[in-house]
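When a residue number appears, it is its place in the shown sequence, counting from 1.
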Amino acid sequence: MTFFIPRQLTSPFLQLLLFTFIIYTILSIHLFIFALPSSNNVNNFQLETFTYKVTTQPSSSSLFTIWTAPPSQKILQNKAPPTIINSIIKVYIAKNEYEPVQIIIRPNSGITTLQVSKPVFSNNNDIQSELYQVSFINLATASDSLGMSGMFPDPLTPISDSFTLNNLNANQNYIFWINLRTLNTSNAGDFTAPFTITVNNQNYIIPIQVHVFNFAIPQQHHIDTQMNLDHQTILSKYGVTGTGTEYWKYVNMIKQWMFDHRLTPNSPLWSGGLTGKGASPYIDYDCNTGKFSDPYGQWGFIDNVNKYLKGNSMEFNNASGVGFSSFMFAGLIDNSCSVDQRTSTFCSISRSSTNGDWVQGNNPTSTFNTKWWKYMKDIQDYLQSLNLLEISYYYPFNEPQNANDYDAVAWYSQNIKANAPKLRLMCSEEPKPEIYANTKYPNAKIDIWIPVLSNFNPTISWQRESKFNEQSWIYFLDSTKPPYFNPITIDHQGVESLVLGWFLWKYRIRGVAYYAFNSWSQNPYTSPSLYGQNGNLFMQYPPSINNQPISYGSNNHRFVPSIRLELMRDSLEMYEYLYLLNGGKPQVYKYDSIVDTLVDMVVQSTTGYSRSDDFYYNLRKVIGMKLGGEITTIPLDQLVPPVPHPRALMIGSNFSINFQQVDGPPSVSPLVINGKEYIKIGWNVYSDSNGYGWYGLLDQTKYQYLTDNSVNELQRSIIYDDYGRVQYFEFVVPNAVYNVTVSCGWKGKSYSNNYIAVKGQPLINNENNNGGYIVKSILIEVRDYKISLNMGIAGQYTMLNYMDIIFVSNISNYTQPQPQPFPTFSEGVNGSSSIFNCYYYLITLMLCIVICWKLKSV
């Protein structure tokens with residue numbers, strides 16, 4: 001490059017000065033351009049901490065502390081505030097999404113009266129907000145090893161837009177919950193509204209800054225659900241009588257409430273439908289012609305199909321053309337599968353066991369059965385004519401228990417499929433060969449299997465879907481205990497709700513069911529536990545804490561959700577993020593690139609998943625930025641959870657564990673064998689302070705120490721579960737590649753089903769130790785600071801001895817995270833730190849000119 005230099009600047013010094021000026025100008029312009037906000041700058045993303053204190057204007061520090069935490073953190077009344085401070089509350093949300101915000105007020109001393117006012121986004125009226133107070137219920141007993149007794153948060157009590165609270169105690173947390181909602185028409189960008197706290201006539205303002213991503217999550221639900229909801233109970237508790245205007249207002253409200261939570265009631269067409277008890281016709285059916293007719297309007301079928309399934313009514317979903325994604329057109333009448341699940345009389349014919357109308361007599365061609373199979377075919381053809389076959393299903397089977405039940409399921413499904421092959425059948429059970437390969441009644445087929453989570457087998461589920469187009473859903477029971485997650489349990493942390501959407505994606509699960517959405521036969525406020533589970537049978541609360549009906553309209557027609565319900569919605573919305581990023585639903589036996597990579601960061605196995613709240617919300621943020629066009633690439637190397645324990649910083653270290661009774665033999669301390677120091681770990685519940693421990697039911701766990709001196713010292717210690725239950729272990733390590741060695745066995749005893757998986761990868765896979773020991777190693781890459789062990793197969797013994805974790809290398813193309821200052825909202829979006837560099841270079845240029853001028857003068 002040749003520069004034109006004026007004659008006046010021919011001296012070497014002045015030429016140098018001009019050259020310096022040109023170089024600095026180019027650098028400054030370059031940096032300024034790249035510092036401008038860009039929708040294609042991958043560096044816009046920064047990990048954030050979502051738990052922090054918030055300063056108010058003016059300062060309220062002498063009166064109370066304000067802080068916020070992710071909605072998934074269930075804040076106890078005495079939980080101490082964090083130390084990190086920020087000046088705003090930051091929220092990220094897509095269009096057409098709900099997102100909750102938690103604000104905690106903790107008085108330094110008693111406050112007589114405090115008023116809160118909800119935020120109003122005057123600069124974006126398409127951001128709406130609803131205000132709730134988090135209420136506490138008294139749990140008499142803990143649900144399990146991860147639960148607790150005492151006062152625990154769960155009900156979200158609706159409060160007015162400006163709400164007054166009296167007689168606040170010092171050093172007690174008062175929690176307010178704001179449900180934010182955006183519409184499809186909401187503008188993308190950053191919007192701020194004040195959350196106002198008033199004490200002694202002084203207003204204290206907290207800015208809530210909402211970043212709306214430039215995309216909308218679909219209105220259509222891509223996870224099917226079946227929530228057993230009792231409409232009539234809700235109507236009664238809210239003082240609705242008769243079947244007039246008030247009745248239909250609430251029927252529509254209930255449907256909209258469920259749809260907005262991305263859930264489908266078991267009877268989405270209530271109080272109409274296609275069939276009644278025992279699948280009998282609910283609308284008119286001509287037994288001779290096989291034709292259906294529906295003169296019943298809103299009490300029938302067609303009107304409700306158009307409203308709730310097709311979204312063609314302003315009374316539901318604003319006539320958007322989108323409705324519930326699935327519906328049950330007929331259900332069971334008895335929980336015993338061996339019992340005939342059909343109406344007792346059909347087309348003037350009474351069914352009879354003596355005629356062989358059910359499996360016991362096995363007479364498919366009886367008079368009753370002949371009519372019934374034709375009826376099934378007519379239902380199939382009717383639903384097909386309405387384009388409803390793909391979203392409808394018949395649910396006649398619940399939890400078959402024995403050979404008679406399996407035969408009944410196989411017999412009925414075989415005969416239905418022979419006559420109406422396109423009708424989808426549902427059974428709440430895991431896929432079992434006793435049904436789908438029944439020797440008495442072949443060609444049985446279930447289209448939707450619903451195993452309880454603890455019985456879900458991904459391998460079999462995927463085989464049934466890939467080969468036979470049979471879906472798997474999951475459901476939860478009071479018996480769904482740790483190490484499995486359970487979003488129904490009150491006294492578990494909220495990550496057990498957040499993980500749901502990620503879990504459904506990883507294992508290609510197509511739906512979720514729960515058998516009692518609002519069973520209020522006992523008061524959930526005072527008796528929240530049933531069958532040992534706090535929260536069993538309800539996800540929503542009645543409007544009155546005494547469980548008595550309120551007068552119509554006395555609470556402004558607002559339902560009372562639980563924290564669990566709101567977090568379940570959050571998780572199902574997260575599934576929609578993954579759906580959009582992937583460009584459709586995931587397929588079995590197909591690894592869908594970036595989406596599955598992200599999901600694997602969260603879920604390692606059916607019992608292993610991330611328990612870091614911040615990690616979930618940072619992943620949601622980065623996917624939202626990608627979908628909204630703010631970044632072009634998801635920075636996988638940056639996506640790590642917060643450091644959970646100081647041991648995670650011991651880069652390059654090896655770790656060895658002897659599983660034993662800590663205060664038992666071997667008693668030598670430290671325990672050093674072959675130059676390695678072994679940490680003694682028993683059946684300890686996982687704790688953050690230790691950075692290790694077990695998740696599971698530990699009440700029947702055992703220890704054994706062999707006195708046989710011929711046995712290696714490390715293999716003399718044995719731990720096991722005497723009930724043969726599945727257990728899950730985590731141990732914090734630095735992120736790196738490790739060679740992990742595990743030993744299982746017991747000298748002189750054989751156990752045929754030892755099972756250990758490391759980070760979800762099977763290592764000792766259903767193997768017999770043959771009176772000795774199984775020692776195996778596996779190379780594992782750790783990116784979440786944790787080595788995990790899945791131990792055991794349900795009902796079988798695994799005998800665990802020791803584990804060595806040997807450092808191999810750092811992870812290639814992966815940078816160990818360094819402690820970062822708390823990022824401000826603008827740093828994450830606008831790149832303000834780069835703009836600062838521009839000013840730095842310009843100031844440096846000016847100093848150079850001054851210095852050069854001074855030197856010339858000298």
Side-chain angles (χ1 to χ4, degrees), residues 46-93 99-111 114-119 129 131-136 151-154 156-157 159 163 165 168-180 192-199 202-211 493-495 498 563 566-567 570 612-618 621 642 688 820-825 827-828:
Q46 289 188 13
L47 292 173
E48 292 191 39
T49 297
F50 294 92
T51 303
Y52 47 84
K53 285 193 284 193
V54 188
T55 57
T56 62
Q57 295 296 328
S59 175
S60 63
S61 59
S62 62
L63 290 174
F64 47 80
T65 299
I66 306 292
W67 55 293
T68 187
S72 56
Q73 280 193 25
K74 298 181 181 181
I75 307 299
L76 301 182
Q77 290 176 317
N78 60 354
K79 184 177 177 63
T83 56
I84 297 173
I85 301 175
N86 201 5
S87 59
I88 56 175
I89 293 177
K90 300 172 293 180
V91 186
Y92 298 91
I93 190 170
E99 185 60 22
V101 181
Q102 246 188 149
I103 299 176
I104 303 102
I105 301 175
R106 185 183 181 92
N108 298 331
S109 58
I111 294 177
L114 179 144
Q115 186 180 65
V116 296
S117 300
K118 79 169 188 177
S129 63
L131 190 58
Y132 298 84
Q133 183 179 6
V134 177
S135 297
F136 289 77
M151 301 303 291
F152 206 86
D154 192 54
L156 296 175
T157 304
I159 56 178
F163 177 76
L165 198 60
L168 286 76
N169 298 324
N171 300 317
Q172 179 177 320
N173 294 321
Y174 296 86
I175 308 167
F176 296 92
W177 183 285
I178 304 169
N179 271 346
L180 298 175
T192 304
F195 179 76
T196 305
I197 303 167
T198 305
V199 178
Q202 173 66 57
N203 291 336
Y204 300 91
I205 304 298
I206 299 171
I208 297 180
Q209 193 168 41
V210 176
H211 182 76
Q493 279 300 321
V495 292
L498 291 188
I563 291 176
E566 296 306 302
L567 293 179
D570 226 19
S612 168
D613 302 275
D614 280 355
F615 192 45
Y616 284 96
Y617 288 99
N618 273 308
K621 172 189 167 185
D688 293 332
Q820 297 292 327
F822 183 75
T824 65
F825 194 84
E827 284 175 345

Asker: Assess the residue pair L498 and D570 against the criterion (side-chain contact (heavy atoms from CB on, under 4.5 Å)); give the C-alpha distance rounded to whole Å, side-chain angles, the decisive distance to 0.1 Å, and a yes or no.
Answerer: CA-CA 7 Å; L498 291 188; D570 226 19; 4.1 Å; yes
Asker: Are any non-hydrogen side-chain atoms of I159 and F176 less than 4.5 angstrom apart?
Answerer: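 In short, these two side chains touch, coming nearer than 4.5 Å.
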Asker: Taking side chain as C-beta onward, heavy atoms only, is F50 less than 4.5 Å from N618?
Answerer: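 In short, these two side chains touch, coming nearer than 4.5 Å.
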Asker: Indicate the atoms forming the closest heavy-atom contact of S109 with A170, along with that distance.
Answerer: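 Minimum heavy-atom separation between S109 and A170: CA-CB, 3.5 Å.
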Asker: Taking it one step at a time, do I105 and L114 satisfy side-chain contact (heavy atoms from CB on, under 4.5 Å)?
Answerer: CA-CA 10 Å; I105 301 175; L114 179 144; 4.0 Å; yes
Asker: Starting at CD of Q172, measure out to CE of M151 and round the result to the nearest 0.5 Å.
Answerer: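 Interatomic distance, Q172 CD to M151 CE, rounded to 0.5 Å: 9.0 Å.
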Asker: Side chains of T49 and P642: closer than 4.5 Å at any heavy-atom pair?
Answerer: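 In short, these two side chains do not touch, never coming nearer than 4.5 Å.
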Asker: Would you confirm whether Q493, through its side chain, and K74, through its main-chain N or O, come within 3.5 Å as a donor-acceptor pair?
Answerer: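 The answer is yes, because a donor-acceptor pair under 3.5 Å joins these two groups.
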Asker: Can you tell me if E566 and Y132 form a side-chain donor-acceptor pair at under 3.5 Å?
Answerer: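 No pair is found: no donor N or O on one side chain lies under 3.5 Å from an acceptor on the other.
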Asker: Is R106 close to P81 at the side-chain level, that is, under 4.5 Å between some pair of heavy atoms?
Answerer: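 Result yes, sub-4.5 Å side-chain heavy-atom pair found.
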Asker: Would you name the heavy atoms of N108 and S61 that are closest together and state the gap between them?
Answerer: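 So the two residues come closest at ND2-O, 2.6 Å.
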Asker: With the side chain counted from C-beta on, respond yes when W177 and I563 share a heavy-atom pair under 4.5 Å apart, and no when they do not.
Answerer: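 SC-SC contact between W177 and I563 confirmed.
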Asker: Work out which heavy atom in P70 is nearest to a heavy atom in Q102; give both atom names and the distance.
Answerer: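 Answer, listing the atom of P70 first, then Q102: O-NE2, 2.9 Å.
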Asker: Under a 3.5 Å distance rule, please check whether K621 uses its side chain to pair with a backbone N or O of I93 as donor and acceptor.
Answerer: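 No; zero donor-acceptor contacts below 3.5 Å.
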Asker: For the pair T192 and V210, evaluate side-chain contact (heavy atoms from CB on, under 4.5 Å) and give the outcome as yes or no after the intermediate values.
Answerer: CA-CA 6 Å; T192 304; V210 176; over 6 Å; no
Asker: Would a distance-only check, ignoring hydrogens and angles, find a side-chain to backbone donor-acceptor pair under 3.5 Å from K118 to I178?
Answerer: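 Absent.
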Asker: Do T51 and I84 touch side chain to side chain, with heavy atoms closer than 4.5 Å?
Answerer: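 No, every pair of side-chain atoms sits at 4.5 Å or beyond.
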Asker: Can you find a pair of side-chain heavy atoms, one from F195 and one from I197, that are under 4.5 Å apart?
Answerer: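 Contact flag for F195/I197 side chains = yes.
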Asker: I'd like to know if the side chain of T196 pairs up with that of N203 as donor and acceptor (distance under 3.5 Å, no hydrogens or angles considered).
Answerer: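 No, because no side-chain N or O of T196 sits under 3.5 Å from a partner of the opposite role on N203.
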Asker: Side chains of T55 and S87: donor-acceptor distance under 3.5 Å anywhere?
Answerer: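 There is no such pair (donor and acceptor under 3.5 Å, judged by atom type) between the side chains of T55 and S87.
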Asker: Enumerate the ring pair (Phe, Tyr, Trp, His ring centres under 6.0 Å) contacts for residues 60-79, please, sequence neighbours excluded, ordered by first and then second residue.
Answerer: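 Sorted result for residues 60-79: F64-Y204.
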Asker: What is the distance from atom CD of Q77 to atom CG of N173, rounded to the nearest 0.5 Å?
Answerer: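 So the gap between those two atoms works out to 8.0 Å.
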Asker: Using every non-hydrogen atom in the two residues, find where I75 and P153 come nearest and quote the distance to one decimal.
Answerer: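 Heavy atoms of I75 and P153 come nearest at O-CG, 3.6 Å.
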Asker: Mind checking the OH-CG spacing from Y616 to L567? Nearest 0.5 Å is all I need.
Answerer: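 Reported value, rounded in 0.5 Å steps: 11.5 Å.
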Asker: Side-chain contact, heavy-atom cut-off 4.5 Å: I205 with T56?
Answerer: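 When only atoms from C-beta onward are counted, T56 and I205 do not touch, as no gap falls below 4.5 Å.
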Asker: Does the N169 side chain pair with the main chain of G110, one donor and one acceptor, at a distance under 3.5 Å?
Answerer: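 No, because the side chain of N169 does not come within donor-acceptor range (under 3.5 Å) of the backbone of G110.
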Asker: Taking S60 for its side chain and L63 for its backbone only, find out whether a donor-acceptor pair lies under 3.5 Å.
Answerer: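 Answer holds: no.
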Asker: Under the side-chain contact (heavy atoms from CB on, under 4.5 Å) test against V116, which residue among T198, I206, L131, L165 passes?
Answerer: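 Passing option: L131.
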Asker: Looking at every non-hydrogen atom in both residues, tell me the closest pair between K90 and Y52 and how far apart they are.
Answerer: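 Reported closest heavy-atom pair: N-OH, 3.1 Å.
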Asker: If you round to the nearest 0.5 Å, how far is NZ of K53 from CD1 of I104?
Answerer: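 Rounded to the nearest 0.5 Å, the CD1-NZ separation comes to 12.5 Å.
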Asker: Considering the options I88, V91, I208, I89, which one meets the side-chain contact (heavy atoms from CB on, under 4.5 Å) requirement together with T68?
Answerer: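 Result for side-chain contact (heavy atoms from CB on, under 4.5 Å) with T68: I89.
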